[in-house]
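Everything numeric here is computed off the predicted structure, so don't read it as measured data.
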Amino acid sequence: MDEKAKQKIVKLLALANDASDEESMSALAKAQELMLQHNIAEEDVFSYKHEQKSEAVIKTIIYQGRPQKWLYRLASIISENFRVRTYYVAGSPIELRFVGVESDVQIAQIIFDYARGSAAYCARQFLQLPEIKRKYKRKWQLKQDYIEGYLVGLSKTFRNQVRTNGYEIALQVPEIVQEEVERMKLVPGKDTSHQTKNNEAFYSGYAEGIRFTEREQLSV
């Protein structure tokens, strides 16, 4: 990805630095759209992938702190849609990382940071609703159920966008990244799945997650 395309995506996501702004919520899907459009617009996809081999494969810490299962799941969603791979290093604190070619990792990290802030903000807003505050006491469980719904909705938004626009080939992880992951000999990590207990919270989060493509797209 050339510098001009990367700058467009960075500029777009900079507009989304306030997750309370209604318009900013479309930035995540738009960033993916711009990135993928750029990739498939190349005259020869295979030539593009060959050129990318000259770019360095890097590993970047995207989160460092207490284990939070939803962040593992979010990182997995981002990695599936932005040409990187994710893994974690156990310890105190844990380190959640992306591995990929440098330009892809930079973009994936920006999107991860935005999505993390957006999901947390929307969950807080949900928990402040009067009807939620009156009816429920187990706010931690509600928050987790809401975020799970949000992540499921977000993942569906990405999948729909890929299928609709035929971006499957552009999402293929570069061979040099696949080779690096194989050399790392990663082992399966702990179970990060979530068992939803409150459907109201889940579907509220889900509705917010799928709204990315329903909002007016931002221009850059």
Side-chain angles (χ1 to χ4, degrees), residues 16-22 24-29 31-32 61-82 84-98 108-164 171 186-215:
N17 60 1
D18 182 2
S20 65
D21 184 343
E22 183 74 12
S24 76
M25 297 294 287
S26 67
L28 190 55
Q32 186 204 37
I61 298 172
I62 59 172
Y63 171 76
Q64 189 174 48
R66 295 185 303 153
Q68 297 187 53
K69 289 184 177 181
W70 75 271
L71 291 179
Y72 294 81
R73 298 195 297 277
L74 173 60
S76 179
I77 292 171
I78 300 301
S79 70
E80 291 170 0
N81 289 278
F82 290 90
V84 299
R85 288 292 177 258
T86 185
Y87 67 100
Y88 73 91
V89 177
S92 182
I94 65 100
E95 291 181 355
L96 189 57
R97 301 180 179 184
F98 280 151
Q109 183 174 8
I110 291 170
I111 294 170
F112 173 84
D113 290 339
Y114 170 66
R116 174 187 171 191
S118 177
Y121 169 81
C122 291
R124 288 195 300 270
Q125 293 294 101
F126 172 75
L127 293 176
Q128 291 301 312
L129 294 174
E131 61 271 26
I132 299 300
K133 294 178 71 173
R134 286 196 303 267
K135 291 168 59 178
Y136 301 103
K137 294 182 180 180
R138 297 190 63 187
K139 297 297 178 64
W140 184 89
Q141 180 67 43
L142 283 176
K143 180 180 179 181
Q144 301 308 309
D145 290 346
Y146 181 96
I147 290 177
E148 177 65 11
Y150 186 99
L151 296 180
V152 171
L154 181 62
S155 181
K156 183 177 180 179
T157 294
F158 283 143
R159 290 197 305 271
N160 288 344
Q161 185 164 269
V162 169
R163 285 196 297 265
T164 300
L171 282 179
L186 300 175
V187 298
K190 60 184 178 181
D191 180 16
T192 61
S193 61
H194 175 75
Q195 294 296 321
T196 299
K197 295 183 178 180
N198 187 286
N199 287 334
E200 180 181 6
F202 175 89
Y203 285 110
S204 294
Y206 177 83
E208 193 65 42
I210 65 174
R211 289 181 64 196
F212 279 100
T213 56
E214 295 178 2
R215 291 182 172 86

Can you confirm whether [X] sits close enough to [Y] that some side-chain heavy atom of one is under 4.5 Å from a side-chain heavy atom of the other?
| X | Y | result |
| --- | --- | --- |
| K139 | K133 | yes |
| R97 | Y88 | no |
| K190 | Y72 | yes |
| I78 | F98 | yes |
| R124 | Y121 | yes |
| L96 | Q64 | no |
| F202 | E148 | yes |
| R73 | H194 | yes |

Task: Test item: side-chain donor near acceptor, Y150 and S118, under 3.5 Å - done: yes
- [ ] Answer yes if the side chains of Q68 and Y63 hold a donor-acceptor pair under 3.5 Å, and no otherwise.
- [x]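 Side chains of Q68 and Y63: pair found under 3.5 Å.
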Which distance, rounded to the nearest 0.5 Å, do you find between the [atom1] of [X] and the [atom2] of [Y]?
| X | Y | atom1 | atom2 | answer |
| --- | --- | --- | --- | --- |
| Q144 | N198 | CD | CG | 12.5 Å |
| R85 | S76 | CZ | OG | 9.0 Å |
| L142 | T196 | CG | OG1 | 11.0 Å |
| L129 | R134 | CG | CZ | 10.0 Å |
| N81 | T157 | CG | OG1 | 10.0 Å |
| Y87 | S79 | OH | OG | 12.5 Å |

Task: CD (E131) with more than 12 external heavy atoms under 6.0 Å - done: yes
Open item on the list: Please determine whether the number of non-hydrogen atoms from other residues, nucleotides or ligands lying under 6.0 Å from atom NZ of K197 exceeds 12.
Closed with: no
Closest heavy-atom contact between [X] and [Y]?
| X | Y | answer |
| --- | --- | --- |
| Q109 | I62 | CG-CG2, 3.9 Å |
| A119 | I147 | O-CG1, 4.4 Å |
| C122 | E208 | SG-CG, 3.7 Å |
| K69 | D191 | CE-O, 3.6 Å |

Open item on the list: Would V89 and I61 count as a side-chain contact (heavy atoms from CB on, under 4.5 Å) here? Give the steps.
Closed with: CA-CA 10 Å; V89 177; I61 298 172; over 6 Å; no
Open item on the list: Determine whether the aromatic ring centres of residues Y203 and Y146 are separated by less than 6.0 angstrom.
Closed with: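 No.
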Open item on the list: Could you walk me through whether E200 and I132 satisfy the side-chain contact (heavy atoms from CB on, under 4.5 Å) test, starting with their C-alpha distance in whole Å, then the side-chain angles of each, then the deciding distance to 0.1 Å, before giving a yes or no?
Closed with: CA-CA 10 Å; E200 180 181 6; I132 299 300; 3.7 Å; yes
